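Below is one structure, written out as structure tokens; the observations come after it.
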Amino acid sequence: GGPPRARASPPPSPARSPPPHRFTLGKKLTRALYVCLVIDLVLLAGVAVVVLGHVPGHHAATPPSSGGPGGGPTGSSGLKIQHVVVVVLENREVNEVWAVAPYQRYLQATYGNATAYYALCHGSPPNYLAMTSGRQEYCGSNVGGSVNVTNLPDVIERGGYTWAGYFESMPSACYPYSKGFYLAWHNPFISYTDIITNPVRCGDNVLPSSRFNASVANGSLPTVSFYVPNALDDCDNSSLILCDQWLQGFLSPILNSTAS
């Protein structure tokens, strides 16, 4: 109910060299069903969730679903949801984000904002684990550890869908140690024993971010993608302004581009 939300204009693209994760697509995308920018008041600066409808010419395998044989779940618009992309930023207060991050303000005004989404406790690992398992583990820890629990990838696979985690600056698939700007404690999937102890499963699904670009380009993006920027782009160790510019550079091609 109520009148439709007025559509805001996106801020101008920053005068900045294109980030390495930019990609160019071919035919016009069916408009994304929505982008939900979630602001965490304690730990996470934001979680941008991009839900894409059917992409013309996109030839990824179609998972079974409650939306009918051969289709994804049905959104409120009647479009089949084919892909969900979760992008995680962290360690900024909501008021700070609204004050200096024009692209995130644009997303909030244009799409939506979850106002009752909070970190569970201090430290990155317990909150990344909570996002991907629904459980509270290692509260107060900045290191984390192994967890033998049912997790989101388990549920996704049982439903006949596909998933992948993409991590910027990750040296190679399933890499379990921090190196350079890749922070292993921001990678929840290597904490799950049923993933890290299965080399094939881990190697096929816990990937460097370059594989995201390739998956988009060749039409093999999984049903659910979990994308984590490196320490330069995640808002934690970089300026919020640069982080906001990074997010615009990453999301704009997905929301406004064409697909082959």
Side-chain angles (χ1 to χ4, degrees), residues 16-23 40 43-50 85-92 119 122-133 137-138 140-147 151-153 162-217 220-222 224-251 253-254:
R16 190 182 184 205
S17 299
H21 39 261
R22 276 190 183 273
F23 49 85
D40 190 312
L43 174 77
L44 303 175
V47 179
V49 181
V50 183
V85 181
V86 180
V87 183
V88 185
L89 309 174
E90 66 166 62
N91 280 7
R92 298 288 180 167
H122 177 71
S124 292
N127 292 284
Y128 282 82
L129 291 170
M131 281 191 289
T132 53
S133 71
E137 306 281 350
Y138 295 104
S141 173
N142 281 315
V143 179
S146 296
V147 183
N151 50 70
L152 185 59
T162 56
W163 67 278
Y166 299 96
F167 300 87
E168 282 191 341
S169 300
M170 189 185 205
S172 59
C174 199
Y175 197 81
Y177 310 108
S178 295
K179 185 173 182 178
F181 297 114
Y182 164 67
L183 305 179
W185 58 86
H186 289 176
N187 181 350
F189 304 114
I190 58 174
S191 291
Y192 298 122
T193 55
D194 65 347
I195 295 176
I196 192 64
T197 60
N198 185 330
V200 173
R201 188 185 188 202
C202 192
D204 286 347
N205 295 282
V206 185
L207 306 169
S209 61
S210 59
R211 297 283 292 275
F212 180 85
N213 303 350
S215 294
V216 171
S220 62
L221 197 68
V224 180
S225 300
F226 189 88
Y227 193 102
V228 179
N230 63 25
L232 291 178
D233 295 328
D234 67 359
C235 287
D236 186 8
N237 298 293
S238 62
S239 84
L240 184 51
I241 294 173
L242 290 178
C243 174
D244 195 59
Q245 291 175 352
W246 175 89
L247 184 65
Q248 182 174 2
F250 179 79
L251 284 186
I254 300 175

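The residues of the chain are indexed from 1 along the displayed sequence. Nothing here was measured: the structure is a model prediction, and the numbers come from that model.
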message: Between N205 and I195, does the side-chain contact (heavy atoms from CB on, under 4.5 Å) criterion hold? Intermediate values first, please.
response: CA-CA 9 Å; N205 295 282; I195 295 176; over 6 Å; no
task: Test F226 against T132 for side-chain contact (heavy atoms from CB on, under 4.5 Å), laying out the working first.
output: CA-CA 9 Å; F226 189 88; T132 53; 3.9 Å; yes
field: Residues L89, C243; criterion side-chain contact (heavy atoms from CB on, under 4.5 Å); working and verdict
entry: CA-CA 8 Å; L89 309 174; C243 174; 3.9 Å; yes
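The two residues F189 and G165 have their closest heavy-atom pair at CE1-CA, 3.8 Å. Across every non-hydrogen atom of S141 and P125, the tightest pair is O-CD, 3.3 Å. Smallest separation of non-hydrogen atoms from A173 and G203: CB-O, 3.5 Å. Taking every heavy atom of both residues into account, Y166 and P208 meet most closely at CD2-O, 3.8 Å. Closest non-hydrogen pair, A164 versus L207, comes out as CB-CD1, 4.3 Å.
Listed by chain and number, the residues in a ring pair (Phe, Tyr, Trp, His ring centres under 6.0 Å) with F167 amount to none (sequence neighbours excluded). Contacts of N230 classified as side chain to side chain contact (heavy atoms under 4.5 Å, CB included), with partners at least two apart in sequence or in another chain: E168, S169, F181, L232, D233. Looking at residues two or more places apart in sequence or on another chain, you find no ring pair (Phe, Tyr, Trp, His ring centres under 6.0 Å) involving W185.
With rounding to the nearest 0.5 Å, the separation of CH2 in W246 from CG in L240 is 13.0 Å. Rounding to the nearest 0.5 angstrom, the gap separating the CD atom in E137 from the CG atom in N127 is 12.0 Å. Distance CG/N151 to OG/S191: 10.5 Å, rounded to 0.5 Å. Atoms CG and CZ, on L221 and F212 in that order, are 5.0 Å from each other to the nearest 0.5 Å. To the nearest 0.5 Å, the span separating NE2 on H186 from OH on Y128 amounts to 4.0 Å. Rounded to the nearest 0.5 angstrom, N198 CG and T193 OG1 are separated by 10.5 Å.
No side-chain heavy atom of M131 sits less than 4.5 Å from a side-chain heavy atom of P188.
Legend: salt bridge (charged side-chain N to carboxylate O under 4.0 Å, His left out) pairs involving residues 200-210, not counting sequence neighbours, sorted by first then second residue: D154-R201, E157-R201, D194-R201. Screening residues 175-210 for disulfide bond (SG atoms under 2.5 Å apart) gives C174-C202 as the qualifying pairs, with residues at least two apart or on separate chains. Evaluation of the salt bridge (charged side-chain N to carboxylate O under 4.0 Å, His left out) test over residues 237-249, restricted to residues two or more places apart or in two chains, returns none.
The closest donor-acceptor contact from the side chain of Y192 to the backbone of L129 lies under 3.5 Å.
A donor and an acceptor atom, one from each side chain of Y175 and N187, are nowhere located under 3.5 Å apart.
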